[in-house]
Structure formats: structure tokens, C-alpha cells
Amino acid sequence: MSKFDDIGDMLAYHARHPELEVRARFVHDYNTEECILGETAFYVRSSQIVSPMGHGIAAFRDRSAAETFAGGIGASVLTFDALRAAR
């Protein structure tokens, strides 16, 4: 099991190690800090987001919460697959 301080570090690690079988990815909801499945979360990426390692990615359980947050900083909402593809 691997743990990461930042969603961006998790994505980079898994991109460098495609041979690994990932059983589950967990992220913390930006508003509640609740642990949620990474593949079902909605993401906002922006240089305005302060994250532990500076990747500027925030995860949200609900699309509406992500959209509200993104609208406030002029960003857009991404699914997990879209976030991975945008790397």
C-alpha cells in the first residue's frame, strides 16, 4: 500500500508504474476531509489551490460542491479519468 500527501503525487506515481495493480484509490473531500473513492470523486485543478506538494488539485464527493468551488476560482470540474488524461 502506498500513501501520498498530494493527489498529483499519486497520479504521477501510478503513471510511472503502470505495471502495478491498483485495487483502490482514496482521496479526501476538500470540504469535509472525508475519505472517498478517487475514481468516483470530482476534481478541481488550479494554481489557486494550496495542496501539500503544490499540484493544486482538490477532490470533492459531490459534483455540485466541485462546481461551486470551481466557479469561485474560474476553474473547471474534472472526473478522475479526465484528470489523469490531463496530466
Side-chain angles (χ1 to χ4, degrees):
M1 173 172 35
S2 300
K3 294 182 181 181
F4 303 91
D5 290 335
D6 195 297
I7 295 168
D9 285 349
M10 176 186 69
L11 295 172
Y13 180 82
H14 289 142
R16 287 191 313 270
H17 297 282
E19 75 281 3
L20 295 177
E21 178 187 344
V22 178
R23 294 185 185 169
R25 293 176 180 94
F26 292 96
V27 295
H28 288 100
D29 181 272
Y30 186 80
N31 290 327
T32 67
E33 297 185 15
E34 179 182 6
C35 194
I36 55 177
L37 278 173
E39 289 81 0
T40 64
F42 298 94
Y43 297 89
V44 177
R45 185 173 58 188
S46 170
S47 61
Q48 295 182 50
I49 298 171
V50 177
S51 63
M53 302 305 289
H55 291 279
I57 302 170
F60 297 85
R61 174 183 293 281
D62 301 309
R63 178 180 281 279
S64 62
E67 288 172 348
T68 299
F69 182 81
I73 61 171
S76 58
V77 175
L78 303 166
T79 63
F80 183 75
D81 289 338
L83 180 66
R84 283 180 35 184
R87 282 206 28 78

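Counting begins at 1 with the first residue of the sequence. Atom set for the values below is all heavy atoms of this structure, side chains included, hydrogens, waters and symmetry mates excluded.
Under the side-chain hydrogen bond (donor to acceptor under 3.5 Å, both in side chains) criterion, the residue pairs touching residues 52-65 are D9-H55, E34-R61, with sequence neighbours excluded.
Between V77 and A70 the shortest heavy-atom distance is CG2-CB, 4.0 Å. Heavy atoms only, all atoms of each residue included: D6 and G54 are closest at OD2-N, 3.5 Å. The minimum heavy-atom distance between E33 and H28, with the atom names listed, is O-CD2, 3.0 Å. The nearest pair of heavy atoms linking A66 to V44 is O-CG2, 3.6 Å. Shown here for E19 and R16, the closest heavy-atom pair between the two residues is OE1-O, 4.4 Å.
Put simply, F4 and I36 are part of the same group of oily side chains (I, L, V, M, F, W, Y) that touch within less than 4.5 Å, one to the next. V27 and V50 fall into different hydrophobic clusters, defined by Ile, Leu, Val, Met, Phe, Trp and Tyr side-chain heavy atoms under 4.5 Å apart, directly or through other members.
A heavy-atom distance below 4.5 Å is found between the side chains of I7 and L83. Inter-residue side-chain proximity for I57 and I49 is flagged as unmet; no heavy-atom pair is nearer than 4.5 Å.
Taking the centre of each ring, F60 and Y30 come in below the 6.0 Å mark.
Ring geometry, F80 versus Y43: the interplanar angle falls from 30° to 60°, so the pair is classed tilted.
To the nearest 0.5 Å, atom CG of residue L20 and atom NE2 of residue H14 are 6.5 Å apart. Once rounded to the nearest 0.5 Å, the distance linking CD1 of I73 with OG1 of T68 reads 12.0 Å. Separation of atoms CE (M10) and OG (S2) is listed at 11.0 Å; rounding is to 0.5 Å.
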